[in-house]
Every structure is written in structure tokens, then in C-alpha cells.
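Structure, as C-alpha cells:
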Amino acid sequence: MTRQRIGPLLVGRRIRSVATTRPSYFFLTRPEVLRRGLVGRTVSALDRRGKYLVARLDDDARLVLHLGMTGQLFSGQATSPRLLSASARGALSPEAQRGFRPDAHTHLRLAFDDRGPEVCLRDVRKFGKVLLLRSGEEHPRLLRLGVDALALDARTLFAASRGRRVATKALLLDQSIVTGIGNIYADEALFRARLRPTHRAGSLTRRDCEALADAVRSVLHRSIETGGSSIRDYVAPDGADGAFQDERNVYARTGAECHVCGGRIRRVVVSQRSTHFCPKCQK
DNA sequence: ATTCCAACCTGATAGC
DNA sequence: TGCTATCAGGTTGGAA
């Protein structure tokens, strides 16, 4: 979703200047190194590897971005209340709240020769990452990644789950097996496949893996179609909210009625992630 | 080799 | 009002 929509704002444009915040955990490449490597470069393509966005530059370097949990990648012209924390918003006039203004959480801003809209990366919790890879350079974070979630097939899932005692959900969240599934989509896919998140991965049948692989792909495709899940922080690059949150069956619906059987959605913790399921539909 | 768990951060919200 | 505890679309590295 983000790749599709931020692509036109990056590809073919020459970077004129780069603004960053102070060095931190967030920058795998130090800000000044990042600036030196980016200024004057033209973005030639934008790819995705799991949850990583990879912008290819005209000198064959790659700018790698991860949005973590609260990362937002958007046009400097975007408008959304989500681009400002509530406390900061309260201090502003209704007028000033309209447009985006870079704040302390806006860690990266790219301006371009064409003087068009900037591309901004904001991340309150700094769980996101920015990394510049020189031509031919690699990074373990990318090398480790498994098959893309949109291309997940039953055979891969079945093979990867053999001998594993971990919960099925833990397997789905393991990016070295399948890359691109986050907490929401793991829960939603498991619901769709009618599988219990806590079920041991090793005892999934071939048929289970088929249902689960299908569910993963269709849930993600549907989320892309509907523009993502704007539950707390997520905004599309133009500031628009996604709509997938309206199609959730289980995620963050603890205590609510199951859309299928009317039972109550339950919440448990699996591999330190909050996990939601319908006890009746998911055996 | 696999599984578990704390750590990295900041903000919103619920409850007292 | 204010304080405290809990929760939040993720990943790593090291201990068990």
C-alpha cells in the first residue's frame, strides 16, 4: 500500500536536501552519512521486501526504510490529525492543525530539485529504521527475510512448521519464515482460516497450511485494496485514513461479538503480542 | 536449534 | 488534576 502510493512521490525525483533529527537508535546509518549519500541522487525505483521499503538510487545505493509500529511515510502536503500528537494539537489553532508541520518526531525529510512536495518520515516511538546501503552492500536485516507474505504458499508453510513447538501465530510473525505479516494480519488471517493462534505450529496439517496461506494472502490483498489499517497512527502517504480497520473480525475486538457466530472475541498473549480470536470459530 | 524475554522509545488512556 | 499502570501495526540479541 505504502509502496504503491509513495512510489510516484519518490521515483524519478532528484534529492535536493535532507533534514534529519539527532542521531539515535532510529538511524542505522548516521544522519550526516545519510545526508551525504542522498543529496544529489535521483530515486530510480521503489521496491518492497516484507515490511521494508527499498528505494534504489541512481548510483546503485539503496535507501532502506522500516516503519516499525508508529512510523508514518507521507507527503509534506499531507493533512491528517494523526500526523500531530494530541498534546501538540491542542496548543494549535484549528487553522494551524490543518496542515502538517514537521515536529520532533519527524526524523527524515527529503526535499527535491523540482521544489514539489517533500517526503517525510515520522515515527514517535522510533522503532522504525533508516539505512543506506552502498552499491553491492548487504545487511543481515534484509538477508534474513523469508518468503513474501503475498506469495506465501501451503508447501512453504507446511515445511517451515515441521518440528516447531511454537504457536501458529508465532510462526506467522517470524519474519525469517514469512515476511510482511504484522500483528493485525496474523490475527485476521488465523480467524479467516479458522485456526487457533495458540495451536502448535508443528501439528498443522497440510490442509491447515493451505487454508492459512490462502487466508494470509487474501487478508493482505484486502488490506492493500482498502488502504491499510488506521487504528492509531497509520496514514496513507496523502494523509488519508485506511479502511481495513472496519473489516476486522478479531483484532482489538476483545469482548465484542464474533461476526460469524455471535460469540465473544477473546484476547490472550502469544509471543508477547496481544492476540485476538473467537474461541468457537477457531479450533 | 529452538524458545523466551527484556530492551529499544513515546504517547494515549483507564482507573484510582 | 494528577499520578500510576497498562497498552500500542516491530525486531533484535542474548539467555535459558
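To find a chain, count down the sequence lines: A is the first, B the second, and so on, and within it residues start at 1.
Applying the Watson-Crick and G-U wobble criteria (two distances, each under 3.5 Å), dC9(B) pairs with nothing in any strand.
Counting only heavy atoms from C-beta on, R144(A) has its side chain closest to dT12(C) among dA12(B), dA8(C), dT12(C). Considering only the side chain of R273(A), dT11(C) comes nearest among dT11(C), dT3(B), dC9(B). Distance from the side chain of R141(A) is smallest to dT12(C) among dC9(B), dT12(C), dG11(B). Of the candidates dC8(B), dA8(C), dT2(B), the closest approach to any side-chain atom of R164(A) belongs to dT2(B). In the set dC9(B), dT11(C), dA12(B), the nucleotide with an atom closest to the side chain of S87(A) is dA12(B).
The distance between atom CG of N183(A) and atom C1' of dT11(C), rounded to the nearest whole Å, is 13 Å. For the pair H276(A) NE2 and dA8(C) C1', the computed distance is 10 Å after rounding to whole Å. Q72(A) places its CD atom 13 Å from the P atom of dG11(B), with the value rounded to the nearest Å. Atom NZ in K126(A) sits about 19 Å away from atom P in dT11(C), given to the nearest Å. Put simply, CZ on R267(A) is 12 Å from P on dT6(C), counting in whole angstrom units. Taking atom CZ of residue R162(A) and atom C1' of nucleotide dA1(B), one finds them 17 Å apart after rounding to whole Å. Rounded to whole Å, atom P of dT11(C) lies 10 Å from atom CG of L67(A). Whole-Å rounding puts the H107(A) NE2 to dC9(B) C1' distance at 9 Å.
Per the stacking criterion (ring centres < 5.5 Å, plane angle < 30°), Y25(A) does not stack onto the base of dC9(B).
Heavy-atom distances to DNA chain B give each of V124(A) and A167(A) a nearest nucleotide, and the one nearer the 5′ end belongs to A167(A). Checking S274(A) against L173(A), the closest nucleotide of DNA chain C that is more toward the 5' end is the one next to S274(A). Between L84(A) and G163(A), the residue whose closest nucleotide on DNA chain B is further toward the 5' end is G163(A).
For F100(A) and F74(A), the ring centers are positioned less than 6.0 Å apart.
Evaluation of atom-type donor-acceptor distances gives no pair under 3.5 Å for the side chain of R232(A) against the base of dA12(B).
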(Q) Please determine whether side chain to side chain contact (heavy atoms under 4.5 Å, CB included) holds for the pair V124(A) and H105(A), giving the CA-CA distance in whole Å, both sets of side-chain angles, and the decisive distance to 0.1 Å. (A) CA-CA 5 Å; V124(A) 169; H105(A) 304 304; 3.8 Å; yes
Q. Please walk me through it: do L142(A) and L133(A) pass side chain to side chain contact (heavy atoms under 4.5 Å, CB included)?
A. CA-CA 11 Å; L142(A) 294 178; L133(A) 292 177; 3.9 Å; yes
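A sub-4.0 Å separation between OP1 or OP2 of dG11(B) and a side-chain N or O of H105(A) is present. Regarding contacts with the backbone of dC4(B), every side-chain N or O of Q272(A) stays at 4.0 angstrom or more from both OP1 and OP2.
Separation of the P atoms belonging to dA6(B) and dT6(C) is 14 Å when rounded to the nearest angstrom. A gap of 24 Å separates the P atoms of dC3(C) and dC9(B), to the nearest Å.
Residue contacts shown for K51(A) are limited to sugar-phosphate atoms, with no base heavy atom under 4.0 Å away. Across all strands, D123(A) comes closer than 4.0 Å to no nucleic acid atom at all (heavy-atom distances).
For the pair E188(A) and S223(A), the minimum side-chain heavy-atom distance is 4.5 Å or more. Side-chain atoms of C258(A) and R264(A), non-hydrogen and from C-beta on, never get closer than 4.5 Å to each other.
One distance of note links CD of E137(A) with CG of L131(A); it measures 7.5 Å at 0.5 Å rounding.
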